[in-house]
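Since the structure comes first, as structure tokens, the remarks are kept for the end.
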Amino acid sequence: MTPWTRKETVMANAETRSPVKKALFVRLRAKPGKEADVEAFLRDGLAAVMEEPDTTTWYAVRFGHDDFAIFDTFPGDAGRLAHLAGKVGRALVAKGPELLDGLPKIEDAQVLAYKLTDQSGEVLD
């Protein structure tokens with residue numbers, strides 16, 4: 001199989017049984033003096049997300065001093081809704097008033113294209 005044929009096969013498989021169709025982008029702004037606490041909250045959230053079978057990818061990122069976000073992907077709406085109702089979502093509701101300057105800005109998204117690889121760099125289909 002040539003690399004081009006492999007790529008076409010992966011793309012065709014992705015269209016029919018994609019592990020990544022839906023996403024969430026959640027923007028968070030830390031309260032003054034709570035930046036380290038928000039970072040720790042996000043780092044600690046990974047353990048809870050690892051228990052979610054329909055969360056395909058999950059990223060906690062920091063853009064600047066007090067500007068954070070979560071980006072995660074799912075095979076469909078059910079996984080996305082389960083994640084929002086999961087441990088991290090519930091903890092965010094509970095700890096948000098203490099840690100965040102305002103409400104999290106949660107945006108639903110549809111994934112148009114993606115690349116997933118395993119640890120060896122092999123493309124997952």
Full working for side-chain contact (heavy atoms from CB on, under 4.5 Å) between Lys34 and Leu99: CA-CA 6 Å; Lys34 295 292 185 176; Leu99 299 176; 4.3 Å; yes
Between [X] and [Y], is any pair of side-chain heavy atoms under 4.5 Å apart?
X: Phe74; Y: Thr55; value: yes
X: Glu51; Y: Lys87; value: yes
X: Thr56; Y: Pro75; value: yes
X: Leu28; Y: Leu92; value: yes

side-chain contact (heavy atoms from CB on, under 4.5 Å) evaluation trace for Glu39 with Asp37: CA-CA 5 Å; Glu39 182 174 326; Asp37 295 329; over 6 Å; no
Least distance between heavy atoms, [X] atom then [Y] atom:
X: His83; Y: Leu24; value: CD2-CD1, 3.9 Å
X: Arg27; Y: Ala69; value: CD-CB, 4.0 Å
X: Leu116; Y: Tyr114; value: CG-CD1, 3.7 Å
X: Val38; Y: Phe68; value: CG1-CD1, 3.6 Å
X: Trp58; Y: Leu42; value: CH2-O, 3.2 Å
X: Asp67; Y: Arg29; value: CB-NH1, 3.8 Å

Are more than 12 heavy atoms from other residues, nucleotides or ligands located less than 6.0 Å from atom OH of Tyr59?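 No, because the 6.0 Å sphere around OH of Tyr59 holds 12 heavy atoms or fewer from other groups.
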Using side-chain contact (heavy atoms from CB on, under 4.5 Å) as the criterion, point out the one residue from Asp108, Thr73, Asp77 that pairs with Lys22.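 The single option meeting the side-chain contact (heavy atoms from CB on, under 4.5 Å) with Lys22 is Asp77.
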Only one of Val93, Ile70, Val26 passes side-chain contact (heavy atoms from CB on, under 4.5 Å) with Pro104; say which it is.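 The single option meeting the side-chain contact (heavy atoms from CB on, under 4.5 Å) with Pro104 is Val26.
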Going by salt bridge (charged side-chain N to carboxylate O under 4.0 Å, His left out), name the residues that satisfy it together with Asp72, two or more places apart in sequence or in a different chain.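 Listed in chain order: nothing, the list is empty.
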State yes or no: do Phe71 and Val88 share one hydrophobic cluster built from I, L, V, M, F, W and Y residues joined by side-chain heavy-atom distances below 4.5 Å, directly or via other members?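 Each belongs to a different hydrophobic cluster.
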Is there a path of hydrophobic side-chain contacts, each under 4.5 Å between heavy atoms, that joins Val49 and Val61?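 No, Val49 and Val61 fall in different hydrophobic clusters.
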For the backbone of Ala23 and the side chain of Arg80, can you confirm whether one donor and one acceptor N or O come within less than 3.5 Å of each other?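 Judged by distance alone, yes, a pair lies under 3.5 Å.
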Share the residues that join Leu103 in a hydrophobic cluster, the rule being Ile, Leu, Val, Met, Phe, Trp or Tyr side chains under 4.5 Å apart at the heavy-atom level.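 Under the 4.5 Å side-chain rule, Leu103 groups with nothing.
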